[in-house]
Amino acid sequence: TNQVNIEGTLNIFTAAKDDLNNPNDLDCDSTGLWSGLFILGNAIVNSPMANSNGNFVENTLTDLITSANSASGVVNYGGNVDTDNSGNLQYVSIRHGGAQLGGLEPVSGLTLAAVGQAGTFDFVEVLACAGDGIKILGGRAEVKHAVVSCPGDDAYTYDLGYRGQGQFWLGIDPGNLMGDHQGGVQPEDATPYSTPIIFNATYIGKDMANGEPELIKFTDNGGGNYKNSVFYQSQAGISLEFSYIISGPFILHSAIINDPFLGSIQGLDINNCTFSNIQGDRFLLDEDQTGFIASTVQLRSISNAVAVTLG
């Protein structure tokens, strides 16, 4: 299996026009000057292309990498090895990326697609990317000491059954959401569910008058666990999507998941987290839907959430 091994005191991925000897030549508005870093593994994703046993998955990155990057125009990722090792990425700064490949949407600064838990992703920074900062598609990547600053879109995005762990995630001044957390595509309730555990996150938003009103949004049956985290400065805190199919919250939001690696976890859990300078609700229904207020539906999954107003 091919692996990436980038270690050392500081490793910088940036545009050719970025003069590293001049700290003032590019700023947070200098985005899309190159693409980004993609790491593709063999772990499980909940793609609709899974075979009959639901384990092996072949997915494509045609929305991220164009035909110019491969002979067939298709870049495959995904498999059935959650312990897959894609290598080590440590002390890395990814700057001013997010180009639109093939006229599509801006790519992410760092994309981890079907990456297993055996790799190491530690001390990673994404600065001024035109797209998302860090995007995780399925797998069990474990990401620690991550910083995403002023992305053009969302800071941290996961989808397709991501079940890894994160710790010490810092997000600052996103163009849209701090966390865009989704479960599946077709169908949206595909398994395995997206149920990562994230400890000690600090998300610092802004006015967001031109972006989403909340810091974090759970959609498409996306779940997850935030513990011991701080969410600061936004119009609203966390929103959950309403399911028209079952006329209520997605079943995952009240489920107990028996994960072979993480043990027994709740499908969605916001525990021991502090909300500060949130102008409106800490928990709310997705504004594009109707039907329930999240904080009254699943109280046991939203515990010890403290609201703080700074004078």
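The residues of the chain are indexed from 1 along the displayed sequence.
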Using 4.0 Å as the upper bound for N to carboxylate O, is an ion pair formed by [Y] and [X]?
X	Y	answer
D153	K135	no
K227	D269	yes
D84	R140	no

Got a second to check how far [X]'s [atom1] is from [Y]'s [atom2], nearest 0.5 Å?
X	Y	atom1	atom2	result
T274	N228	OG1	CG	9.0 Å
L112	F38	CG	CZ	11.0 Å
D82	R163	CG	CZ	4.5 Å
Y162	I44	OH	CD1	14.5 Å
Q90	L10	CD	CG	13.0 Å
S149	I172	OG	CD1	5.0 Å

Contact list for residues 10-22, test salt bridge (charged side-chain N to carboxylate O under 4.0 Å, His left out), sequence neighbours left out: none
Return yes if some donor-acceptor pair links the side-chain N/O of [X] with the main-chain N/O of [Y] below 3.5 Å, else return no.
X	Y	answer
Y156	L170	yes
D27	D29	yes
T31	H96	no
E214	S239	no

Is the shortest heavy-atom distance from the side chain of [X] to the side chain of [Y] under 4.5 Å?
X	Y	answer
F231	I238	yes
T14	L33	no
Q3	N85	yes
L268	Y193	no

Pairs of donor and acceptor atoms involving the side chains of residues 114-133, under 3.5 Å and at least two apart or interchain, shall be tabulated with distances.
from	atom 1	to	atom 2	distance (Å)
T120	OG1	N88	OD1	3.2
D122	OD1	H145	ND1	2.7
E125	OE1	S93	OG	2.4
D132	OD1	D154	N	3.0
D132	OD2	T157	OG1	3.3

Within residues 5-24 or reaching into it, pairs that qualify as ring pair (Phe, Tyr, Trp, His ring centres under 6.0 Å) - sequence neighbours excluded: none
Aromatic ring pairing Y226/Y203, orientation class (parallel under 30°, perpendicular over 60°, tilted between): perpendicular
Between Q279 and N277: side-chain donor-acceptor atoms closer than 3.5 Å: no
